[in-house]
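Quick note: numbers below take in every heavy atom, side chains included, and nothing from hydrogens, waters or symmetry partners.
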Amino acid sequence: MYRAHVLVCGGTGCTASGSGAVMEALDEQLKENHLDSEICMVPTGCHGLCAEGPIMIVYPDGVFYTKVQAEDVPEIVSEHLLKGRVVERLVYEEAKDQKRIESLEDTVFYKKQHRIALRNCGLINPEKIEEYIGTGGYEALGKVLTEMTPDEVIQVISDSGLRGRGGAGFPTGKKWLYASGNRGNVKKYVCCNADEGDPGAFMDRSVLEGDPHVVLEAMAIAGYAIGSDQGYIYVRAEYPIAVQRLQVAIKQAREYGLLGEDIFSSGFNFDIDLRLGAGAFVCGEETALMTSIEGNRGEPRPRPPFPANKGLFGQPTILNNVETWANVPQIILNGAEWFSAMGTEKSKGTKVFALGGKINNTGLVEVPMGTTLRTIVEDIGGGIPEGRKFKAAQTGGPSGGCIPAEHFDIPIDYDNLISIGSMMGSGGLIVMDETTCMVDIAKFFLQFTVDESCGKCTPCRVGTKRLLEKLEKITEGRGTVADVDELEDLCNYIKENAQCGLGQTAPNPVLSTLRYFRDEYMEHVVNKRCPAGVCKNLIVYKIDPLKCKGCTLCKRNCPVDAISGTIKQPHSIDMTKCIRCGTCMENCRFGAIYIE
């Protein structure tokens, strides 16, 4: 029996910040101080506040330490674990009011969250099946195999209102129902899409790293429901920690008889294998993913036939993403009404978002559907740094669109986002302030789409390149009003003619920025000016003669001699020589240099 547990985050973010060294130092210190029989160190998954890592929480006190380094460990052991004195300098500090908060549950970041998919992340050791079982793990699988028929399982999932968390929001129960016919007579497959590819998205990775068994349990439940004995998890090879923990979890589940033959002595057989993706964004599309599992180049297939009828290896297949699977065991245990009581009329439950961009609290959040964007940004996210104003948020990554400030109070759910030209996507949420150029943002996502297009269909392969060329022309100061009009026409053509969902949604970032920020496009093409001062070719530096003291710092540091003037006299910039490096602004002590 331990008197204290020390939880140390072992997710990708904290590992990159040095949590491995922290755990090694803690292990050494516990042994040196003869505390290893009294205090248990628990490596966990992500706690959510990714920018604050490495994170350490000491229970039963609940003290929440952030940015812990190996050299801090001796002090934590000697002061906190031996003497009971909190190391105040390492305690988490709220971004808004600089108030130190000892307990994770007392932070603004956590107070308005409701964790279902993330319920075990940061709380258990993901490499110990006993800890997952200790939190109720595999009880849902036992329940369906001993108390429920396959049709009853599908009915519960249908009644819960669970929709796919991978982007499209298709009803999960309906997908399972379509694939459930002819049980026992036809080979079927259950697949997990863990090929998370949106820039800035890390929701699925965090679930796999922090609670891998929840996905295995959910897939086995689905296998029972539709009559399948084989599952595949398609996971990005760029997620080494997630892959390693999945391998450990599958091995443990097999050893415990929770995967394999005759699970719970029910006669039900089900096993899971991993397939590693090579990082192609298009393999997030379900038919391309299945084509890749089959050993072929990841390209989408025409639909119909749909995977529920003819999917992996030509057999009936269901595919859900990691977050969708993570909800299934809790729905089985708590009931459909419990889940459907959360969220909005057509979007039930909670949604996990990877919150990033111009935000104080970068990290992973899970909130009930219908939570407003303002609540996520200002309360949970801690607001925007340096007192800047919210300008827009990009949801859905390269397939999504932007939410402007006029919709800051929109309740976030599937239908509301679609109505304003955006989409839920898998859950990336990038916050932007007034220093962000919306034309540049559209160009960024188009560059990604062009690079990731599989090239199978002309509208996507060629059309997105033409879109990108026009955006580059506009941001370089060579654009015209006609280019802006042609952008919109080309976007609509691609949406209507691309073969798969990724190609059809590729123009969304352009269309949504045109819809809400057309004035920025016009500034670029008419006045040859970037209002945010981002597009390099359109930046014009000026020196305010009333503020310039003639100190010559800007002139002396200019790498191309574009600044002229004498000491103690106002200087000037020759924009024909200027390379727009910003060195002059960085060196000016009087705020005399500005972007026009």
Find the distance between [atom1] ([X]) and [atom2] ([Y]) and round it off to the nearest 0.5 Å.
X: S206; Y: L364; atom1: OG; atom2: CG; result: 4.5 Å
X: T172; Y: W325; atom1: OG1; atom2: CH2; result: 8.0 Å
X: H213; Y: T135; atom1: NE2; atom2: OG1; result: 10.0 Å
X: L208; Y: L216; atom1: CG; atom2: CG; result: 9.0 Å
X: I412; Y: L373; atom1: CD1; atom2: CG; result: 4.5 Å

N-O pairing of [X] and [Y] below 4.0 Å:
X: E147; Y: K143; value: no
X: E130; Y: K128; value: no
X: D211; Y: R245; value: no
X: E323; Y: K351; value: yes
X: D229; Y: K188; value: no
X: D433; Y: K391; value: no
X: R165; Y: E196; value: no
X: R254; Y: D271; value: yes

Got a sec: does the [atom1] of [X] have more than 12 other heavy atoms crowding it under 6.0 Å?
X: E406; atom1: CD; value: yes
X: K495; atom1: NZ; value: yes
X: K251; atom1: NZ; value: no

Name the orientation class of the two ring planes belonging to [X] and [Y] (parallel below 30°, tilted from 30 to 60°, perpendicular beyond 60°).
X: Y178; Y: F170; answer: tilted
X: Y189; Y: Y232; answer: tilted
X: F270; Y: F268; answer: parallel

Passing candidate, side chain to side chain donor-acceptor pair (under 3.5 Å) with E209, options T15, T44, T12: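 Between E209 and the candidates, side chain to side chain donor-acceptor pair (under 3.5 Å) is satisfied uniquely by T12.
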Show, in sequence, the C-alpha distance, side-chain angles and deciding distance for V6 and Y59, and conclude whether the side chain to side chain contact (heavy atoms under 4.5 Å, CB included) test is met. CA-CA 6 Å; V6 181; Y59 286 108; over 6 Å; no
Side-chain heavy atoms of [X] within contact of [Y], under 4.5 Å:
X: N334; Y: F339; result: no
X: M369; Y: M424; result: yes
X: E366; Y: H114; result: no
X: H47; Y: I57; result: yes
X: N360; Y: I384; result: no
X: I376; Y: L429; result: yes
X: V214; Y: P329; result: yes
X: V186; Y: Q315; result: yes

Decide yes or no on side-chain hydrogen bond (donor to acceptor under 3.5 Å, both in side chains) for E285 and T287, but give the supporting numbers first. CA-CA 6 Å; E285 197 276 340; T287 62; 2.5 Å; yes
Between [X] and [Y], ring centroids under 6.0 Å:
X: Y65; Y: Y92; answer: no
X: F448; Y: F281; answer: yes
X: H407; Y: Y516; answer: yes

Determine whether a donor-acceptor pair (N or O, by modelled atom type, separation under 3.5 Å) exists between the side chain of [X] and the backbone of [Y].
X: S347; Y: T344; result: no
X: T395; Y: M423; result: yes
X: Q504; Y: Q499; result: yes
X: T449; Y: F445; result: yes
X: Q394; Y: I430; result: no
X: K348; Y: E345; result: yes
X: T505; Y: G501; result: yes
X: T146; Y: G142; result: yes
X: S422; Y: G400; result: no
X: D262; Y: G267; result: yes

Go through S292 and R275 one step at a time and tell me if the side-chain hydrogen bond (donor to acceptor under 3.5 Å, both in side chains) criterion holds. CA-CA 9 Å; S292 183; R275 291 293 183 269; over 6 Å; no
Shortest non-hydrogen contact from [X] toward [Y]:
X: V322; Y: A194; answer: CG2-CB, 3.7 Å
X: C50; Y: F202; answer: SG-CE1, 3.6 Å
X: A354; Y: A201; answer: CB-CA, 4.1 Å
X: I420; Y: R515; answer: C-NH1, 3.2 Å
X: W338; Y: I331; answer: CZ3-N, 4.1 Å
X: I359; Y: G383; answer: CD1-O, 3.4 Å

Take N321 and M203 through the test side chain to side chain contact (heavy atoms under 4.5 Å, CB included) and record every step on the way to the result. CA-CA 10 Å; N321 86 319; M203 303 77 58; over 6 Å; no
Run the side-chain hydrogen bond (donor to acceptor under 3.5 Å, both in side chains) check on Y132 and E217 step by step: do they pass? CA-CA 11 Å; Y132 179 67; E217 181 179 15; 2.4 Å; yes
Would you say the side-chain atoms of [X] and [Y] include a donor-acceptor pair closer than 3.5 Å?
X: N416; Y: S419; value: no
X: D159; Y: Q155; value: yes
X: E52; Y: N361; value: no

Give the intermediate values and the outcome of side chain to side chain contact (heavy atoms under 4.5 Å, CB included) for residues I380 and Q113. CA-CA 8 Å; I380 298 172; Q113 292 193 50; 4.2 Å; yes
CA sep, side-chain torsions, deciding dist, call: C121, R115, side chain to side chain contact (heavy atoms under 4.5 Å, CB included): CA-CA 9 Å; C121 293; R115 292 160 76 89; 4.1 Å; yes
